[in-house]
Amino acid sequence: MSRKYLTQAWCVLLVTGISLSCMAQKTIPSYHQEIESLMSKMSVEDKIGQLIQENGDQGHDGSIKAGQVGSVLNVVNPQAIHRMQQLAVDSSELGIPLIFARDVIHGFKTIFPIPLGMAASFNPDLVQQSAAIAAEEAASVGVRWTFSPMVDVSRDPRWGRVAETFGEDPYLHARMGTAMVRGYQGEKLSDKTSIAACAKHFAAYGAAIGGRDYNTVELPENVLRDVYLPPFKACVDAGIASFMPSFNEINGVPSSGSAFLLDQVLQKEWGFNGVVVSDWESVIQLQTHGFTDSEKESAYQSFMAGTHMEMNSKAYANKLRELINEGRISMEKLDDAVRRILRMKFELGLFDDPYTHTADFPPMLNDHNKALAKAVATESIVLLKNEKNILPLTGFKGKIAVVGPLADSPHDQLGTWIFDGDKADAITPLTSLRDLFGSKNVNYAAGMAFSRSLDKDLFPEAIEAAKNSDVILVFIGEESILSGESHCRADLGLPGIQEEFIRQLAETGKPMVAVVMAGRPLTFESVFDTFDAVLYTWHLGTMAGPAIADIVSGKVSPSGKLPITFPRHVGQVPIYYSYKNSGKPASDATWERLYEIPPEAPQLSIGNTNHYLDYGFEPWFPFGFGLSYSTFEYSDINIQDPEVSMGDSIVISAHLKNTGSVKATEVVQLYVRDLVGSRTRPVRELKGFQRITLEAGERKKVVFRIHTSELGFHNLDMEYVTEPGAFKAWIGGSSGADLGIDFSVN
Ligand code: GLC
């Protein structure tokens, strides 16, 4: 049936629908009439066709014309998209448009910092704007669905995909994930610059044993519900259009076949009415997991659990018809999946206009987009050390040695999960520092060809550059390929011979600033003392150079805070700030005593607390930590009512003063502890943060308002409850905040 007939049919139905709905007085799903009208014309084959997502632009023409493709991923050429869409709309029986999808994870053409870097900005508003730009650029070529945000809490930096997360904290993940949902989906999905978002990977993908990708996850349900599910629930509440189950199993059940996750939690408890798309061939991987014994059973388990669309593999195409004929899958279940997919297409406006008019969009990578990318990058930079205030190099007139394998690496600064960003557009730190200080004042030498190099041949040139300079900026860390899917590391140290390189630079005796680019926390305490200052810059994207130059020059004071705990040694992992106290908590006294213990020390002579003999119990840098070019003082913490009634709000405040000499921004953080619970509670949990910018000397009262319902957890009956009792709150510049106040909930 041609589209124009369908349009006429719908006009009649629409009028009828409007009159009926006025009488019906009950809320009906959007486009209900149009969907039901179309469904009434669809055969079983047509319906199954909507559940199939194909990859790329080759070899699918026949299937598209036969109405056997619902979505296509990884096509971004506007002409190819137009051609395939025209086939679907004009050559297939029902003319149902395709939805084109792509991993737009931290930018499309204009690349923003990796999500772990964006998390360090603690600026959801800016992250929302970055997602809106990514959506506009992707939509301009015809992509209307992204598989983002990834809201997998991760407490294991060995995991390659920690780079794609917003770190270790559920609250920060929820704030950042929902910001991206709003950015991608805009006011209305039907806006031409909006794209459907996708919460992934549901769930607990970041809890894989050993930090190894795809590995087994074993979690008690209360931990799953208290730590790993909240960011996903927040995305549902933000109106996200789709979900993607994770590759991993949880307690023996792979997520793509998990009725607990996809039906019980997502549908029944959360009322999600969008689309669940599998991960890449995760449907047929149910057999690899040993959860099913055939493609047919994988199709059955996955579909019945609640995976509506299959990405790339063909279990649904091959076996759903058979399962329906056998009565194992009902038409009602099939229709529910098809309705969800059609609704997403209607809401995106694809039935009104399935084509993209690229000329209607602003050019990609325009000045506005680059300016925002620079702003996000600048706010993502974390200052870990700044002795003798060597930074900023404001008005610096001497010679600067710019050395290291990542000083001029446009590919690596873009970070992982980049498909449409182009290194040719990336502005490197070397370029920006030359612009800033003048090329004649910058002595550049890579020193190493790339971060994993084991070759010292390039050292001499770099050492010479250092000797001929007044300060060294050394760019170290990881190439982008060391982050991302399945790119896990058992060792978090600096790859290659970077430490040797650093030591030789240090022998020149010149002041040295380290600029670290990485997709995860790295452990380099052994050379940390050689640096006078350290900037942790993640992989900052297209505008890494200008952002780093603005920070180095002092144009902007660093304001980033760590979204993930930095261990001193990989052996401490998992290590995170919201740990449980245990019955024998460690303390400073139980710190690094491995070499103090006398030979044949009596068994009970060195204390029995929760620590390591060699690495104590504290991290290298705690969650929420980050320095500034200024200093800040916290005082006068106050709670409006120290005895809060259950169901009321709690108003907690403190004064913040910029006690330094420059304007600067501080991320003020609120942590709370439930001191006693029917299950033990973490020693601290982040419950709020605000970016506060103050002029030198300026003082401001910072107020947080939280509700008692935000202090809950899942009890022994698996009910979400806030229990009355004693609580403590802290306000400060990191999870180590020591300005605290007691209160009770009654
Ligand atoms: C990958 C990833 C997922 C991505 C999908 C499509 O394997 O796990 O995050 O969206 O395939 O590229």
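In each ligand, atom 1 is the first atom listed, and ligand 1 is the first ligand listed. Throughout, numbering of the chain's residues begins at 1 and tracks the sequence.
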Quiz prompt | With sequence neighbours excluded, residues passing ring pair (Phe, Tyr, Trp, His ring centres under 6.0 Å) with Phe291 | solution =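 Counting only residues at least two positions away or on another chain, Phe291 forms no ring pair (Phe, Tyr, Trp, His ring centres under 6.0 Å).
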Quiz item: Do the two ring centres, one from Tyr31 and one from Phe351, sit under 6.0 Å apart?
Solution: no
Quiz prompt | Validation row, ring centre His106 to ring centre Phe112 under 6.0 Å | solution =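 Aromatic pair excluded; centres sit 6.0 Å or further apart.
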Exercise. Determine, step by step, whether Glu485 and Trp417 satisfy the side chain to side chain contact (heavy atoms under 4.5 Å, CB included) criterion, reporting the C-alpha distance in whole Å, the side-chain angles of both residues, the deciding distance to 0.1 Å, and the verdict.
Key: CA-CA 8 Å; Glu485 186 169 344; Trp417 277 95; 3.3 Å; yes
Quiz item: Got a sec, which residues hit salt bridge (charged side-chain N to carboxylate O under 4.0 Å, His left out) with Asp335, two or more places apart in sequence or on another chain?
Solution: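 Partners of Asp335 by the salt bridge (charged side-chain N to carboxylate O under 4.0 Å, His left out) criterion, ordered by chain and then number, come out as Lys47.
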Exercise. Kindly write out the residues that satisfy salt bridge (charged side-chain N to carboxylate O under 4.0 Å, His left out) with Asp156, not counting sequence neighbours, or none if the list is empty.
Key: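 Per chain and number, Asp156 pairs via salt bridge (charged side-chain N to carboxylate O under 4.0 Å, His left out) with Arg158.
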Under a 3.5 Å threshold, I'd like every N/O contact between ligand 1 and protein atoms, with atom names and distance.
from: ligand 1; atom 1: 7 (O); to: Asp279; atom 2: OD1; distance (Å): 3.4
from: ligand 1; atom 1: 7 (O); to: Glu485; atom 2: OE1; distance (Å): 3.0
from: ligand 1; atom 1: 7 (O); to: Glu485; atom 2: OE2; distance (Å): 3.2
from: ligand 1; atom 1: 8 (O); to: Arg161; atom 2: NH1; distance (Å): 2.8
from: ligand 1; atom 1: 8 (O); to: Asp279; atom 2: OD1; distance (Å): 3.3
from: ligand 1; atom 1: 8 (O); to: Asp279; atom 2: OD2; distance (Å): 2.7
from: ligand 1; atom 1: 8 (O); to: Glu485; atom 2: OE1; distance (Å): 3.4
from: ligand 1; atom 1: 9 (O); to: Arg161; atom 2: NH2; distance (Å): 2.8
from: ligand 1; atom 1: 9 (O); to: Lys200; atom 2: NZ; distance (Å): 2.7
from: ligand 1; atom 1: 9 (O); to: His201; atom 2: NE2; distance (Å): 2.6
from: ligand 1; atom 1: 10 (O); to: Asp103; atom 2: OD1; distance (Å): 2.5
from: ligand 1; atom 1: 10 (O); to: Lys200; atom 2: NZ; distance (Å): 3.0
from: ligand 1; atom 1: 11 (O); to: Asp279; atom 2: OD1; distance (Å): 3.1
from: ligand 1; atom 1: 12 (O); to: Asp103; atom 2: OD2; distance (Å): 2.5

